[in-house]
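Notes for the one structure printed next.
Residue numbers run from 1 in the order of the sequence given. As the structure is a prediction and not an experimental result, all values here were calculated from the model.
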Amino acid sequence: GYYGLGDFRAAAELARRALAVRRAEDPDGYGVVSARASLAEALRLAGALPEAIAQYDTVLPGVRRRHGPRSAVAASMM
């Protein structure tokens, strides 16, 4: 996709759309956490660091609940 092309702004826009779909399907589901993580990564790569950090901050609690507070997944979100 757009990641491979290096178009991280476009990737972030698509990640925003995916997040909206996940929220509509299951607002409390792990899909929302996963979509937020994808959005955070795209924003980070696009250079939108404050927005990326805000997304990562919302992702971390859900990741910790699902994978454990000391998991490798949780550590990668820090």
* Do D26 and V32 have side-chain heavy atoms sitting under 4.5 Å apart? -> no

* Rounded to the nearest 0.5 Å, how far apart are CG of L19 and OG1 of T58? -> 8.0 Å

* Common cluster, Y56/V73, ILVMFWY with side-chain heavy-atom separation under 4.5 Å -> yes

* To do: Over all heavy atoms of both residues, which pair between A40 and A52 is shortest? Give the atoms and the distance, please.
  => O-CB, 3.5 Å

* Check the pair R44, L49 against side-chain contact (heavy atoms from CB on, under 4.5 Å), reporting the backbone distance first and the verdict last. => CA-CA 5 Å; R44 182 186 70 81; L49 298 181; 4.0 Å; yes

* To do: Please round to the nearest 0.5 Å and tell me the distance separating atom CZ of R65 and atom CG of L60.
  => 10.0 Å

* Does the salt bridge (Lys or Arg N to Asp or Glu O under 4.0 Å) test come out yes or no for R17 and E13, once each step is laid out? -> CA-CA 6 Å; R17 291 181 190 177; E13 182 53 39; 3.7 Å; yes

* Which distance, rounded to the nearest 0.5 Å, do you find between the OG of S34 and the CZ of R22? -> 6.5 Å

* **V59-Y30 co-clustered via ILVMFWY side chain contacts under 4.5 Å** => yes

* To do: Test F8 against L43 for side-chain contact (heavy atoms from CB on, under 4.5 Å), laying out the working first.
  => CA-CA 7 Å; F8 303 116; L43 290 168; over 6 Å; no

* Asked: About how many Å separate CG of D7 and CG of L14, when rounded to the nearest 0.5 Å?
  -> 9.0 Å

* To do: Might you point out which heavy atoms bring A74 and S71 nearest each other, and give the distance in Å?
  => N-OG, 3.0 Å

* Asked: Nearest 0.5 Å, what's the CZ-CD distance between R16 and E51?
  -> 5.0 Å

* Structure fact -> Here the pair of heavy atoms bringing A11 nearest to A42 is C-CB, 4.0 Å

* **Side-chain heavy-atom pair R36, E41 within 4.5 angstrom cut-off** => no

